[in-house]
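Each remark here refers to the structure printed beneath this line.
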Amino acid sequence: MGSWLDDPDVAHIDKSKLDFLQMLVFESSGLSKEQMLPFLMAVAKRGKDKNISFTEEEMNIIIRTLQKHASPEEIDKMNKMTAIFRNRKNT
């Protein structure tokens, strides 16, 4: 199976946004649950500094696409990360 970046579902999303996400996926591999929140906070700042933002629709498409190409462990990690973001957004 090819890379999630080559999936037709994400073809309409700006390549610089996808490259940014790919970099984050690489950087976050191996982080513990305790390290994830500080990492995500730094990511949010880095994205803001680079004027990279995602619509809710883009995020939903990206998450669905990543899950199609992920292992069960990776899916679990993504679910935890999105829960952190949603909880932070609702506070």
Side-chain angles (χ1 to χ4, degrees):
M1 189 177 276
S3 167
W4 70 273
L5 293 168
D6 300 324
D7 193 292
D9 290 343
V10 297
H12 70 284
I13 298 174
D14 187 277
K15 183 161 173 33
S16 64
K17 290 181 178 184
L18 297 177
D19 289 344
F20 180 76
L21 283 178
Q22 182 66 19
M23 177 189 64
L24 298 178
V25 169
F26 176 76
E27 288 180 12
S28 69
S29 64
L31 291 180
S32 70
K33 187 172 72 172
E34 293 77 23
Q35 295 169 313
M36 193 57 67
L37 185 57
F39 173 77
L40 293 174
M41 300 297 284
V43 164
K45 182 180 180 336
R46 195 179 332 167
K48 186 175 180 178
D49 291 347
K50 293 184 177 198
N51 292 317
I52 295 176
S53 63
F54 298 89
T55 66
E56 190 167 342
E57 179 186 0
E58 286 175 329
M59 285 307 301
N60 290 334
I61 291 168
I62 290 166
I63 290 167
R64 279 195 311 268
T65 303
L66 284 170
Q67 288 177 338
K68 285 196 296 188
H69 297 268
S71 69
E73 294 82 19
E74 292 167 327
I75 291 171
D76 185 53
K77 190 173 184 178
M78 280 185 265
N79 289 338
K80 289 175 183 169
M81 288 174 59
T82 55
I84 290 170
F85 269 124
R86 286 192 177 115
N87 288 338
R88 186 170 170 264
K89 186 177 170 184
N90 293 330
T91 57

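These values consider heavy atoms only, across backbone and side chains, with no hydrogens, waters or symmetry-generated copies. Sequential numbering from 1 along the given sequence is applied to the chain's residues.
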Pairs where residues 57-67 contributes a residue and the test salt bridge (Lys or Arg N to Asp or Glu O under 4.0 Å) is met, not counting sequence neighbours: Lys17-Glu58
Closest non-hydrogen atom pair, Ser71 against Glu74: N-OE1, 2.7 Å
Contacts of type side chain to side chain contact (heavy atoms under 4.5 Å, CB included), residue Arg46, not counting sequence neighbours: Phe20, Met23, Leu24, Glu27, Lys50
Heavy-atom closest contact (Ile52 atom, Ser16 atom, distance): CD1-O, 4.4 Å
Pairing residues for Asn60 by the side chain to side chain donor-acceptor pair (under 3.5 Å) criterion, not counting sequence neighbours: none
Partners meeting side chain to side chain contact (heavy atoms under 4.5 Å, CB included) with Leu18 (sequence neighbours left out): Trp4, Leu5, Val10, Ile13, Ile62
Set of side chain to side chain contact (heavy atoms under 4.5 Å, CB included) partners for Glu34, sequence neighbours left out: Ser32
Verdict with supporting geometry, Gln67 and Asn79, side-chain contact (heavy atoms from CB on, under 4.5 Å): CA-CA 9 Å; Gln67 288 177 338; Asn79 289 338; 3.0 Å; yes
Test side chain to side chain contact (heavy atoms under 4.5 Å, CB included) applied to Asp19 - qualifying residues, sequence neighbours left out: Lys15
Distance (rounded to the nearest 0.5 Å) between Glu56 CD and Ile61 CD1: 11.5 Å
Distance, nearest 0.5 Å, that separates CG of Asp7 from OG1 of Thr65: 4.5 Å
